[in-house]
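Throughout, protein chains are lettered first and strands after them, A, B, ... in sequence-line order, and every chain is numbered starting at 1. Hydrogens, waters and symmetry mates are skipped; everything else that's a heavy atom, side chains included, is used.
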Amino acid sequence: MAARPTAKRQRLILALAAAGVLAIAGVVATIALQDSAAYFKAPGDIAASPPVIGQTIRLGGLVKDGSVQHAPDGLTIRFVVMDNRAELPVRYKGITPDLFREGQGVIATGAMTAAGDFEAQQLLAKHDENYMPPEVARAMEKGGHPLKSAPNTGA
Amino acid sequence: MATPDLHAYANPLRFRRLAVAFTPWLLLAGLGLLGAGLYAGLFLAPADYLQGESVRIMYVHVPSAWLALGGYLGMAIAALSARIWRHPLADLCVQAIAPIGALFAGICLVTGSIWGRPTWGTWWVWDGRLTSMLLLFLLYLGVIAIIHLHEDRARGHRMAGLLAIIGTINLPIIKFSVEWWNSLHQPASIRLSGSAIHADMLWPLMLAALGFLLLFAAMVLMRMRTLIAGQRAEARARRLAARLG
Amino acid sequence: MNHLPFIVAAYGLGIGAPGAMLIWCIVQMRRAERRTEGEERQ
């Protein structure tokens with residue numbers, strides 16, 4: 001019986017050591033993944049290190065207020081995606097998701113063109129973490145509290 | 001002769017008595033709260049200013065996510081205490097939680113997908129949050145599989161417990177995936193600093209979450225009772241065999 | 001886009017799947033406890 005507490009303590013120390021090693025491994029892995037695990041690049045990232053023209057990437061940011069223009073064909077739209085560092089004009093032909101609107105987040109899959117704008121093949125709407133009834137949103141908008149918070153750019 | 005038997009059974013039997021007393025109340029309260037929460041989510045809570053009616057999927061999706069994460073943490077703690085203290089119930093607790101946790105992880109993934117289509121415009125993307133949540137579901141399945149894989153029950157529990165403990169690395173990854181990396185999934189709405197969910201939507205969510213939690217607990221207790229009964233039957237069969245042999 | 005089918009599907013799963021799991025838990029528990037009780041009475 002006398003030997004049991006030490007055996008127990010040994011197991012506890014072993015388990016704690018294992019937990020510590022695992023925690024460190026987790027932190028190292030996440031730091032290593034930091035770059036490759038990003039789902040999209042913000043306009044600022046693209047301005048800082050321009051991608052190869054024609055290479056498929058994902059662009060994410062806010063649709064700039066007043067920037068959406070519909071082409072006469074009724075399918076093509078042009079708009080500007082921005083973050084707090086840069087802006088990038090985007091062209092997209094297709095049906096936009098319901099939540100696609102000015103001031104809201106968007107993730108576009110496509111590529112940079114030689115002309116310096118972004119040609120999107122797919123649009124996804126990204127919303128923020130705020131949930132509220134419409135009348136509250138209207139009241140806040142009227143009260144001068146814009147609801148558009150910057151999307152999570154991971155920075 | 002009788003002493004080791006008594007020692008091994010005293011704890012599970014006392015636990016079983018408690019479980020028998022608590023199960024019906026947990027079940028009753030859980031079903032009541034869940035019913036009220038989901039009713040409020042469907043009919044009393046307002047639509048969202050941006051998403052419209054589809055925001056109601058939150059009342060199923062978010063509690064499932066919380067329970068999948070919390071259940072995993074509970075399972076890993078049970079696995080750890082099985083290794084450290086050799087508590088006779090800890091391995092059974094791992095086995096009891098695993099399928100329930102897997103169920104809620106699955107509900108979280110599927111309802112998230114159903115919610116994603118009308119809001120984001122896609123059923124699925126491989127961003128940090130969705131991918132790490134899928135990994136959680138697979139970890140649950142792995143734990144279940146390993147327990148049943150091994151002919152030797154104790155060995156199966158040991159290996160499954162090890163996977164459960166290692167898998168806890170994934171929990172902070174899920175939690176912070178939306179902050180560390182760019183993701184399609186939005187950051188957390190409910191933080192220590194407050195809630196970004198309007199009060200009219202928050203109370204049905206909390207009601208539903210509490211209901212799901214109590215239901216989760218009731219199901220885990222029932223599975224514990226099932227496993228304890230199974231263990232007793234096995235021990236009895238062994239004793240009979242030993243007597244006859 | 002009409003959201004109703006999505007909401008119905010999500011609530012159907014959120015109620016149906018735990019409901020099925022609950023019934024399975026109750027059946028398994030009854031079966032296991034009845035068996036041990038029966039054996040111990042022998």
Side-chain angles (χ1 to χ4, degrees), chain B residues 16 19-20 23 27 30-31 34-35 38 41-42 47 51-61 63-64 67 96 99-100 103-104 106-108 110-119 121 208 212 215-216 218-234 236-237 240, chain C:
Chain B
R16 205 193 87 88
V20 170
T23 316
L27 202 56
L31 289 175
L34 182 61
L38 291 184
L42 270 180
Q51 302 183 20
E53 299 292 335
S54 68
V55 75
R56 300 187 194 285
I57 295 169
M58 170 172 75
Y59 305 106
V60 178
H61 174 75
S64 311
L67 283 176
I100 320 280
L103 174 84
F104 281 97
I107 292 173
C108 171
V110 177
T111 55
S113 178
I114 293 171
W115 196 4
R117 186 63 192 82
T119 46
F212 272 123
L215 202 59
F216 189 105
M219 287 196 281
V220 169
L221 283 187
M222 287 177 174
R223 281 191 47 75
M224 290 290 290
R225 284 169 63 178
T226 308
L227 295 171
I228 289 170
Q231 210 179 39
R232 285 173 71 190
E234 257 175 41
R236 193 182 160 74
L240 276 176
Chain C
M1 196 183 286
N2 180 15
H3 291 171
L4 193 63
F6 295 92
I7 297 169
V8 170
Y11 274 73
L13 183 73
I15 295 166
M21 178 65 102
L22 178 63
I23 291 168
W24 180 72
C25 286
I26 292 173
V27 168
Q28 293 279 79
M29 182 183 74
R30 285 249 174 95
R31 194 179 293 162
E33 291 192 339
R34 231 193 333 255
R35 207 176 51 208
T36 30
E37 271 166 33
E39 279 171 4
E40 263 151 39
R41 220 173 287 126
Q42 279 170 14

Point-to-point distance, once rounded to the nearest 0.5 Å, from CD of B:Q51 to NE2 of C:H3: 8.5 Å
Given a strict heavy-atom distance threshold of 4.5 Å, which part of B:P63 is in contact with chain C: side chain, backbone, both, or neither? neither
Tell me, for B:L34 versus chain C, whether the close heavy atoms (under 4.5 Å) come from the side chain, the backbone, both or neither. neither
Output for pair (C:W24 CH2, B:T226 OG1), nearest 0.5 Å, gives 8.0 Å
Atom CZ of B:F216 and atom CG of C:L22: how far apart are they, to the nearest 0.5 Å? 13.0 Å
With a 4.5 angstrom heavy-atom cut-off, which part of B:L38 approaches chain C: side chain, backbone, both or neither? both
Taking every heavy-atom pair that is under 4.5 Å apart, which of B:L31, B:L27, B:T119, B:L42 has the most such pairs with chain C? B:L42
As an exercise: rank C:P5, C:C25, C:A9 by heavy-atom pairs under 4.5 Å with chain B and give me the winner. C:C25
Under 4.5 Å from any heavy atom of chain C, what part of B:R223 do you find: side chain, backbone, both or neither? side chain
Would you sort out whether C:T36 and B:I228 count as a side chain to side chain contact (heavy atoms under 4.5 Å, CB included), showing the intermediate values? CA-CA 10 Å; C:T36 30; B:I228 289 170; over 6 Å; no
Counting only heavy atoms closer than 4.5 Å, note whether B:S64 contacts chain C via side chain, backbone, both or neither. neither
Chain C: which of B:A208, B:P118, B:A233 shares the most heavy-atom pairs with it under 4.5 Å? B:P118
Search all heavy atoms of C:A17 against all heavy atoms of B:I107 and return the closest pair with its distance. CB-CD1, 4.0 Å
Heavy-atom cut-off 4.5 Å, strictly under: side chain, backbone, both or neither for B:L227 against chain C? neither
Once you round to the nearest 0.5 Å, how far does CE of B:M222 lie from CD of C:E33? 10.0 Å
Counting heavy-atom pairs closer than 4.5 Å to chain C, which one of B:I57, B:I100, B:T111 comes out on top? B:I57
Minimum-distance pair of heavy atoms, taken over all atoms of C:Y11 and B:R56: OH-O, 2.9 Å
Can C:L13 and B:V60 be said to form a side chain to side chain contact (heavy atoms under 4.5 Å, CB included), step by step? CA-CA 9 Å; C:L13 183 73; B:V60 178; over 6 Å; no
Once you round to the nearest 0.5 Å, how far does CD of C:E37 lie from CZ of B:R232? 8.0 Å
Just how far is it from atom CE of C:M21 to atom CG of B:L103, taken to the nearest 0.5 Å? 4.5 Å
With a 4.5 angstrom heavy-atom cut-off, could you sort out which part of C:I26 is near chain B: side chain, backbone, both or neither? both
